[in-house]
Amino acid sequence: MSRVAYVNGRFVPHADACVHIEDRGYQLADGVYEVWAVFGGKLADAEGHFARLERSLGELRIPAPMSRKALELVLHETVRRNRVTNGLVYLQVSRGVAPRDHAFPTRPVRPALVITAKPVDTAAAEAKAGKGIGVISTPETRWARCDIKTIALLPNVLAKQAARENGAGEAWFVDELGLVTEGASSNAWIVDRDGVLRTRDLNANILRGITRRSLLDIIAREGLPLAERPFSVEEAKQAREAFITGAGSLVTPVVSIDGTPIGDGKPGPVALKLRASYVSDATAEAL
Ligand SMILES: Cc1ncc(COP(=O)(O)O)c(C=O)c1O
């Protein structure tokens, strides 16, 4: 089945999809993105991702390319045309095409919009979660506005590559105080030695993960002990469990940090239970 991409108002074959060489996203990383998990052909955590997209655009003073309702339609149509039942839909908005200049274009330009969708092999993803992943720690090298979901991802790219070269599935950024901020493409969690779920608070320089937000609701509903409080790599190594959350990883157990096994070196029961609860809730509420 051939893939189809949405590019600036048109559906085109994925292989032929392209943007202008003076697109500011291409030249300056002047843009934002969002990723929705797709469950049963519908968008998981739809509202949260739309709200964050609007916020990211607002922070960078990029006009919305179309109304939320229209975006919803195009996202669904991209999912449908690619026959994605379970997978991911990716949306990117750049400030648009203009002669290269760091400052904003002086004449108004239309923001550029690209949307793609791809299936995920659910069985393989479940098998991966059942095995867990290793993470490495890496110094926090990003800018001070990680709350904006920008396409400027070079530190994340380098961190993820370092993880891969070390046989790990994710890299956790560690700030100057030795505290974990988040992953290269996920939020970081532990179940600490006292059985308390811990993840970084939103006053820190992190992305406000939508999966993180939904999981907090599940944790509250299930009455599990929670502290939005930072943890060090050392605390993570001594934790009972660790895991990551994100639209791509959903809830994925972490079984080692920098080669040190966490707990018994196997995915923990809390992480696995939360994964099941998240998938079931997000599927039921998908739009
Ligand atoms: C740096 C970073 N943190 C956290 C997340 C998780 O966010 P969400 O749950 O909204 O996918 C992502 C997702 O791509 C990310 O790139």
Side-chain angles (χ1 to χ4, degrees), residues 29 31-39 43-57 59 75 86-93 116-118 120 125 129 133 135-163 168-175 179-190 197-219 228 230 242-252 254 271 274-275 277-279 281-283 285-287:
V32 304
Y33 74 108
E34 267 305 328
V35 181
W36 287 257
V38 177
F39 293 139
L43 307 179
D45 284 329
E47 165 65 29
H49 287 282
F50 280 120
R52 188 174 61 190
L53 172 66
E54 286 157 12
R55 181 177 179 279
S56 295
L57 288 168
E59 292 296 309
L75 284 163
N86 294 312
L88 293 167
V89 57
Y90 174 90
L91 173 155
Q92 173 174 322
V93 183
T116 57
K118 66 173 183 188
V120 162
I133 60 162
V135 303
I136 59 162
S137 62
T138 188
E140 179 64 87
T141 51
R142 299 175 302 163
W143 73 328
R145 291 303 309 272
C146 295
D147 57 305
I148 304 172
K149 199 165 169 68
T150 84
I151 57 175
L153 288 170
L154 211 38
N156 311 57
V157 166
L158 296 178
K160 205 71 152 193
Q161 180 61 18
E170 178 59 301
W172 279 1
F173 290 115
V174 180
D175 68 16
L179 302 169
V180 174
T181 52
E182 63 181 330
S185 63
S186 59
N187 288 109
W189 300 70
I190 59 170
L197 279 151
R198 303 255 297 272
T199 193
R200 197 82 195 238
D201 62 277
L202 296 186
N203 294 320
N205 182 33
I206 62 169
L207 185 73
R208 299 169 186 182
I210 305 304
T211 319
R212 174 190 181 281
R213 175 65 257 161
S214 291
L215 209 65
L216 288 175
D217 293 340
I218 293 171
I219 288 164
E228 287 179 73
F243 60 92
I244 58 170
T245 55
S249 49
L250 308 177
V251 179
T252 295
V254 170
L274 287 174
R275 180 182 176 90
S277 302
Y278 174 73
V279 171
D281 273 30
T283 304
E285 289 160 18
L287 186 77

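Only this structure's heavy atoms are used, side chains among them; waters, hydrogens and symmetry mates stay out. In each ligand, atom 1 is the first atom listed, and ligand 1 is the first ligand listed.
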Of the listed options A159, S186, S214, A247, closest to atom 4 (C) of ligand 1 (non-hydrogen atoms): S186
Winner among P155, G248, C146, G183 once heavy atoms are compared against atom 1 (C) of ligand 1: G183
Do [X] and [Y] make a side-chain contact, defined as non-hydrogen atoms from C-beta onward lying under 4.5 Å apart?
{"X": "R145", "Y": "T150", "answer": "no"}
{"X": "S214", "Y": "E285", "answer": "no"}
{"X": "L75", "Y": "L91", "answer": "yes"}
{"X": "Y90", "Y": "L88", "answer": "no"}

What do you reckon, does [X] put a non-hydrogen atom under 4.0 Å from ligand 1?
{"X": "R52", "result": "yes"}
{"X": "Y33", "result": "yes"}
{"X": "A184", "result": "yes"}

Is there a polar contact, in the sense of an N or O pair closer than 3.5 Å, between [X] and ligand 1?
{"X": "R208", "value": "no"}
{"X": "T245", "value": "no"}
{"X": "R212", "value": "no"}
{"X": "H49", "value": "no"}

Return the closest protein heavy atom for [atom] as residue, atom name and distance.
{"atom": "atom 9 (O) of ligand 1", "result": "T211 OG1, 2.6 Å"}
{"atom": "atom 14 (O) of ligand 1", "result": "K149 NZ, 2.9 Å"}
{"atom": "atom 8 (P) of ligand 1", "result": "I210 N, 3.6 Å"}
{"atom": "atom 16 (O) of ligand 1", "result": "S185 CA, 3.4 Å"}
{"atom": "atom 3 (N) of ligand 1", "result": "E182 OE1, 2.6 Å"}
{"atom": "atom 7 (O) of ligand 1", "result": "G209 CA, 3.5 Å"}

Check: [X] side chain, [Y] main-chain N or O, donor-acceptor pair, under 3.5 Å:
{"X": "R275", "Y": "L250", "answer": "no"}
{"X": "E170", "Y": "W172", "answer": "no"}
{"X": "N156", "Y": "S185", "answer": "no"}

Pair R212 + E228, salt bridge at N-O below 4.0 Å: yes
Presence of salt bridge, K149 and E34, under 4.0 angstrom: no
Region of N187 engaging ligand 1 - heavy atom pairs below 4.0 Å: both
Worked check of side-chain contact (heavy atoms from CB on, under 4.5 Å) between L43 and H49: CA-CA 9 Å; L43 307 179; H49 287 282; over 6 Å; no
Interfacing atoms of ligand 1 (cut-off 4.0 Å, heavy-atom, L207): 2 (C), 3 (N), 4 (C), 5 (C), 7 (O), 12 (C), 15 (C)
For the student: nearest non-hydrogen atoms of A184 and K160, plus distance: CB-CD, 4.1 Å
